[in-house]
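As the structure is a computational prediction, the values presented were derived from the model and not from experiment. In listed order, ligands and their atoms are each counted from 1.
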Amino acid sequence: MRTVVVGAGGAGLWCAIHAADRGPVVLVASPVARESATSWAQGGIAAVVTTNDSFELHMADTMAAGAGLCDEDAVKVLVDEAPIAVDGLRKLGMLFDDEGAPTLEGGHSARRVLHAGGDASGAALLDTIVRAVEQDNRIERLDGRAVHLIVEGGRTVGVALASGEELRGDRVVLATGGACGIYGRHTGPDASTGAGLALAWEAGAALADLEFVQFHPTALTVPGHPARLLTEALRGEGALLIDVEGRRFMPALHPRAELAPRDVVARAEFRVMEETANPVFLDATGVADVARRFPTADAQCREVGLDISKDPIPVAPAAHYFTGGVLTDRWGRSTVPGLLACGEASATGVHGANRLASNSLAEALVFGRRAGMAPDAPARGLLAGAPVPLDDRPPSDALPLSTIHHIADRDIGVSRSRARLEAAIGELEAGRGDGSELGHPTASLAAWLVAHAALRREESRGGHYRSDFPESREVWRFRQAVDTGGWRVVASSVRPPTT
Ligand SMILES: Cc1cc2nc3c(=O)[nH]c(=O)nc-3n(C[C@H](O)[C@H](O)[C@H](O)COP(=O)(O)OP(=O)(O)OC[C@H]3O[C@@H](n4cnc5c(N)ncnc54)[C@H](O)[C@@H]3O)c2cc1C
C-alpha cells in the first residue's frame, strides 16, 4: 500500500508516520515552513490527561461549542484518542511545559490544554514530528505543490504537481490546511487559501460545513502589514475595546463586555467599524506591566511602530479557523475511493458549527493517525437525501487574491445577509480583475463555495451569523455538504438521537 500525503503540517506529518507502518509513503509539501498553520499555533493541545478531568466533560465542552452540529461519534474518537496522540509526542521526545500540567482555557470546564515552549506549542510540536519524519527512511519527502488529483475509474490514484511531475499511490491523503487566507484579515499563513477544497472538488468529493468560519476578535490590523493575533488574555487582564473617539462599546452590548464570546465581540467591532468608517482599538495601557507580561504582543506591536504600554492598538476581527473541508468519515475517508483528508482540510464533524479552543491540533493528530491507518474499503453512507442541484457554476474567470480578500472581508465575514452574499457571489462569478494581478482560481472557488453555503443556511449558528436570520432555527439543525452534483445532507447529522 503506497500512500501519497499532501501537506506537512501536524496532520500530514502525523499521518505519514502512521501510514509508513502499512507501506511506502511519499510526503509532498511546500518547502516554506511558515505556510503551515501548525507552526503558528500559540495555545496548545486539548487532551484529558488528569484525574480531575474526564472524557465525558471534554465531549460535553466540545459539543457545547459546536452549537448542535457536532458529530457525536467523531467527538468521542477525538477525546478518547487525544491522550494517545500526546503520549506519542512524548515518546518522540516532546517536552510539555510544567511537566505536562495542563492549563484552563475558555470553553473548557477542566484543566486540559497542554503547552510547549510557552506560547509556541505548534512550533514545538512541528519540530518534534519533523525530526521523526526525517529519521524515518520509509517516508520519502518531496518539495512541491499539488495542483490536480489523478482520478481513474472513479478512484484517486495520485497527484499532479505544479512541476509537471506525477506521484502515483494506492491512496492520497489531503492534509493541506484551511482556507482562512481567502479573507484579507486572517491570523494564519497567507497560503491557506483552500487548496484541499479545490483539489477534492475537482475530483468529485463532497465538501461540508463551509459556512462555518471562526473569527478572532483582536487581530492587530495596520495597513500594509499582515494581521497578527493578539491574545485573548490581554482582555482577560483588563484591556478595553474602544472606538476612534475613545469610547468603550462592549458594555452596552453584553454583560461580560470585552469578555463576551468571541463571535459577539467580533460582530460588535465589525458594526462599529462600518458605522464610524474607522478602526476600533484595543487599549491595553491600563494593564500593569503589559509589555513584560505579554512579550509576543509587545513585539508584534513594536514591529508596526506601536508601543502597547502607551498606544491604543488598532484591531479588527480576522478569520482564524476554517471549520469546513473535505467531508470524511471517522477514518478520514472521503466520498471518493482512494481519497482521504485530515486536519484543517477535512470536515470530520468534531467541531460542529464552531471549534472549541485547542481542539484543532488534537484533531490534526488524532485523525491524521487514523487516515494513515484507514481500512482500504471505501467510506459508505456519508451523504443522505437526493442532491439539490447547484444554482450556478463556480467562477470560470478567477479574480485576483486582493479582490477576493476585499469581497470576503466585506460580505462573507463576521456578519452576512442575503444582500451581501448575493453581491459577493455576483462579483466572484463576474470574475473580472483589472488585469494587473493574476487570478487566483483556488481562492475564487473557495470563496464562492463559502458564500453559497452561507446563503443557503438561513439561520445563525456557531461561526455563521446572518443579520437577516439572527437566531438558530431547528429546521437547520443539520450539516450541509456539496459536490459537483449538488447540495446534500451529511447523513450522520440527521440520524435520530440515541437514547
Ligand atoms: C495564529 C494561530 C494560532 C492557533 N492556535 C492554536 C492552538 O493553540 N491550538 C489549536 O488546537 N489550534 C490552533 N490553531 C489552529 C491550528 O494551528 C490548525 O488548525 C492546525 O495546525 C492545522 O494543521 P494542518 O496540518 O491541518 O494544516 P497546516 O498546519 O496548515 O499544514 C498544511 C500543509 O499543507 C501544505 N500545502 C497546502 N497546500 C498545498 C498544496 N497544494 N500542495 C502541497 N502542499 C500544500 C502547506 O504548505 C502545509 O505544509 C491556531 C491557528 C492560528 C492561525
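If you number the atoms of ligand 1 from 1 as listed, the ones under 4.0 Å from a heavy atom of Gly44 come out as 7 (C), 8 (O), 9 (N), 10 (C), 11 (O). The ligand atoms of ligand 1 that sit less than 4.0 angstrom from a heavy atom of Arg145 are 40 (C), 41 (N), 42 (N), 43 (C). If you number the atoms of ligand 1 from 1 as listed, the ones under 4.0 Å from a heavy atom of Ser358 come out as 9 (N), 10 (C), 11 (O). Residue Ala175 approaches ligand 1 through these ligand atoms, each under 4.0 Å from one of its heavy atoms: 32 (C), 33 (C), 34 (O). If you number the atoms of ligand 1 from 1 as listed, the ones under 4.0 Å from a heavy atom of Gly343 come out as 26 (O). Close contacts of ligand 1 with Thr187, meaning ligand atoms under 4.0 Å from a residue heavy atom, involve 1 (C), 53 (C). The distance from ligand 1 to the heavy atoms of Gly9 drops below 4.0 Å at these ligand atoms: 25 (O), 29 (O), 31 (O), 33 (C), 49 (O). Ligand 1 places these atoms under 4.0 Å from at least one heavy atom of Gly188: 53 (C).
Evaluation of the salt bridge (Lys or Arg N to Asp or Glu O under 4.0 Å) rule for Glu166 yields Arg168 as partners, not counting sequence neighbours. Not counting sequence neighbours, the partners of Asp136 by the salt bridge (Lys or Arg N to Asp or Glu O under 4.0 Å) test are Arg138.
Residue contacts with ligand 1 do not include Gly122, since none of its heavy atoms lies under 4.0 Å from the ligand. Heavy-atom distances between Ser121 and ligand 1 stay at or above 4.0 Å for every pair. The shell of residues lying under 4.0 angstrom from ligand 1, judged by heavy atoms, excludes Gln214. For the pair His186 and ligand 1, no heavy-atom separation below 4.0 Å is found. Note on ligand 1: Gly368 sits outside its first shell, no heavy atom being nearer than 4.0 Å.
Considering both main-chain and side-chain atoms, Ala8 comes within under 3.5 Å of ligand 1 through a nitrogen or oxygen pair. Between Glu344 and ligand 1, at least one N/O pair is under 3.5 Å apart. Geometrically, ligand 1 and Gly12 share no nitrogen or oxygen pair separated by less than 3.5 Å. Of the N or O atoms in Tyr321, none lie within a sub-3.5 Å distance of an N or O in ligand 1. At least one N/O-N/O distance between Ala11 and ligand 1 falls below 3.5 Å. Here's the thing with Leu229: none of its N/O atoms is less than 3.5 angstrom from an N/O atom of ligand 1. The distance criterion of under 3.5 Å between nitrogen or oxygen atoms is met by Thr38 with respect to ligand 1. Any N or O atom pair closer than 3.5 Å counts here, and Ser360 shares at least one such pair with ligand 1. Geometrically, ligand 1 and Ala146 share a nitrogen or oxygen pair separated by less than 3.5 Å. For ligand 1, one of its N or O atoms has an N or O atom of Ala37 under 3.5 Å away.
A side-chain N or O of Glu437 and one of Ser402 form a donor-acceptor pair less than 3.5 Å apart. Of the N and O atoms on the side chains of Ser30 and Arg145, not one donor lies less than 3.5 Å from an acceptor on the other residue.
A tilted orientation is assigned to the rings of His186 and His405, their planes being inclined by 30° to 60°.
Within the 3.5 Å criterion, the main-chain N or O of His58 finds a donor-acceptor partner in the side chain of Thr62.
Nearest residue to atom 37 (C) of ligand 1 from Val6, Thr176, Ile129 is Thr176 (criterion: closest heavy atom). Counting heavy atoms only, Arg355 comes closest to atom 13 (C) of ligand 1 of the residues Arg355, Arg228, His320.
Contacts of Ala362 with ligand 1, taken as heavy-atom pairs under 4.0 Å, are absent altogether. Residue contacts with ligand 1, taken as heavy atom pairs separated by less than 4.0 Å, involve Leu361 via backbone and side-chain atoms alike. The proximity of Gln42 to ligand 1, defined as any non-hydrogen pair under 4.0 Å, is limited to the backbone. Here His351 has no heavy atoms under 4.0 Å from ligand 1, in either its backbone or its side chain. The part of Ala195 lying near ligand 1 is the side chain, judged by heavy-atom distances below 4.0 Å.
In this structure, Arg370 satisfies the cation-pi test against Trp331, with its NZ or CZ atom closer than 6.0 Å to the six-membered ring centre and inside 45 degrees of the ring normal. The cationic group of Arg267 lies under 6.0 Å from the six-membered ring centre of Tyr465 and within 45° of the ring axis, placing it in a cation-pi geometry.
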Side chain to side chain donor-acceptor pair (under 3.5 Å) assessment of Asp209 paired with Thr323 | CA-CA 6 Å; Asp209 305 328; Thr323 311; over 6 Å; no
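Two residues are said to be in side-chain contact when any heavy atoms from C-beta on lie closer than 4.5 Å; Leu327 and Thr348 fail this criterion. Residues Ile150 and His148 have side chains not in contact (no heavy-atom distance under 4.5 Å, counting atoms from C-beta outward).
Taking CG of Asp61 as the start and CG of Asn359 as the end, the distance is 9.0 Å to the nearest 0.5 Å. Distance check: Met94 CE to Leu114 CG gives 8.5 Å after rounding to the nearest 0.5 Å. Note: Ser334 OG to Arg171 CZ = 12.5 Å, rounded to the nearest 0.5 Å.
Around CZ of Arg22, the count of heavy atoms belonging to other residues, nucleotides or ligands within 6.0 Å exceeds 12.
Between Tyr321 and the options Gln214, His351, Arg355, a side-chain hydrogen bond (donor to acceptor under 3.5 Å, both in side chains) holds for only His351.
A centroid separation of less than 6.0 Å is found between the aromatic rings of Phe215 and Tyr183.
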